[in-house]
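I have placed the structure first, in the form of structure tokens, so that the comments after it can refer back to it.
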Amino acid sequence: MGQKRTNVSLRHQMTSSLRGRQLTVQPASTRKALQFKLVLLGREQVGKSSLVVRYVLDQFTDDLQSTIGAAFQSQTVCLDSALVKFEIWDTAGQEKYHCLTPMYYRGAQAAIIVYDITDEESFSRAKVWVTELKKQVNTAVVIALTGNKTDLHLQRRVPCEEAKTYAKENRLMFFETSAKTGNNVEEVFLTLAKKLAENSEGTIVEARAETIRIDHPPEAENTRKACCV
Ligand SMILES: Nc1nc2c(ncn2[C@@H]2O[C@H](COP(=O)(O)OP(=O)(O)OP(=O)(O)O)[C@@H](O)[C@H]2O)c(=O)[nH]1
């Protein structure tokens, strides 16, 4: 398995970097969690790895290098009803790695399919991923279509309404995010965690030797599903 080459050590910094009024972290010594496989798919350079780094470390860096194969990360979220452990597979977007990707999405219960709102081609590619995933993975896979880079809204090429309509027609969750500013990133993972916990088809595992996120979004009871900029 390849790795995302980055100048930050994800695991090492995980505990110290999680911060902010919406987030606290506590040790998870003996608790049980529902474990789900989550895969990120999308064209190269749309910001898949940046979304993971933003979510896990609350950081953004301009000098991430392209993922080779896939990168792995895990994160546990504490909901009112359950602990949800994500096994996150961040796949490489470059076409030369496409043939490897089924290895990473196989058995996934959830997917974040990412496009860049400034790049129409990446939206077309995202649609291809939706079709492929629905065909290849079980039909119950929960998919969040995510338009990233909303901080670049002046260069927007994919209208929010068009993507939202496509998502609705294809029964996908829909979000727009910015890994750079952090806009809506937690909401994507948190909403997926809630949906997966509702379906309750995860594997039960011990959430030991890890940190748990306790997410308190401002709109916890009414999680925002889309944000048009
Ligand atoms: N302005 C802006 N730039 C972003 C955002 N997210 C990612 N980027 C930049 O976009 C480039 C690609 O980001 P990555 O996270 O490496 O993209 P990726 O989809 O993982 O790319 P591959 O590994 O090639 O598949 C980097 O230069 C990031 O800094 C964002 O929300 N806003």
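Start at 1 and go down the list; that is how both ligands and their atoms are numbered. Just so you know, residue 1 is the first one in the sequence shown, and it goes up from there.
- A cation-pi arrangement is absent between Lys85 and Phe36, since the terminal nitrogen or guanidinium carbon is not both under 6.0 Å from the aromatic centre and inside a 45° cone about the axis.
- Nearest heavy atoms, Thr67 versus Ser49: OG1-OG, 3.1 Å.
- Applying the 4.0 Å criterion to heavy atoms of Ser49 picks out, from ligand 1, the atoms 15 (O), 20 (O).
- Classification of Arg125 and Glu95 as a salt-bridged pair holds, one side-chain N sitting under 4.0 Å from a carboxylate O.
- Judged by distance alone, the side chains of Glu132 and His98 do bring a donor and an acceptor atom under 3.5 Å apart.
- Below 4.0 Å from some heavy atom of Lys48 lie the following atoms of ligand 1, by number and element: 15 (O), 17 (O), 18 (P), 19 (O), 20 (O), 21 (O), 22 (P), 25 (O).
- Under a 4.0 Å heavy-atom criterion, Ser178 is in contact with ligand 1.
- A salt bridge is absent between Asp90 and Lys48: the closest approach of a Lys/Arg side-chain nitrogen to an acidic carboxylate oxygen does not fall below 4.0 angstrom.
- Each of the atoms 27 (O), 29 (O) of ligand 1 lies under 4.0 Å from some heavy atom of Asp62.
- Neither the backbone nor the side chain of Asp63 comes within 4.0 Å of ligand 1, counting heavy atoms alone.
- Ring orientation note: the planes of Tyr105 and Trp129 are nearly perpendicular, at an angle over 60° on the 30°/60° scale.
- Considering both main-chain and side-chain atoms, Thr67 comes within under 3.5 Å of ligand 1 through a nitrogen or oxygen pair.
- Which parts of ligand 1 touch Asp151 is read off a 4.0 Å heavy-atom cut-off, strictly below it: atoms 1 (N), 2 (C), 30 (C), 31 (O), 32 (N).
- Of the N and O atoms on the side chains of Gln35 and Thr76, not one donor lies less than 3.5 Å from an acceptor on the other residue.
- The distance from ligand 1 to the heavy atoms of Ser50 drops below 4.0 Å at these ligand atoms: 6 (N), 7 (C), 13 (O), 14 (P), 15 (O), 28 (C).
- Between the side chains of Asn148 and Thr146, not a single donor N or O lies within less than 3.5 Å of an accepting N or O.
- For ligand 1, none of its N or O atoms has an N or O atom of Thr177 under 3.5 Å away.
- Heavy-atom separations between Val52 and ligand 1 are all 4.0 Å or longer.
- Atoms of ligand 1 found under 4.0 Å from any heavy atom of Thr61 (numbered from 1 in listed order, with element): 29 (O).
- Remark: ligand 1 atoms within the under-4.0 Å shell around heavy atoms of Ser66 are 23 (O), 24 (O).
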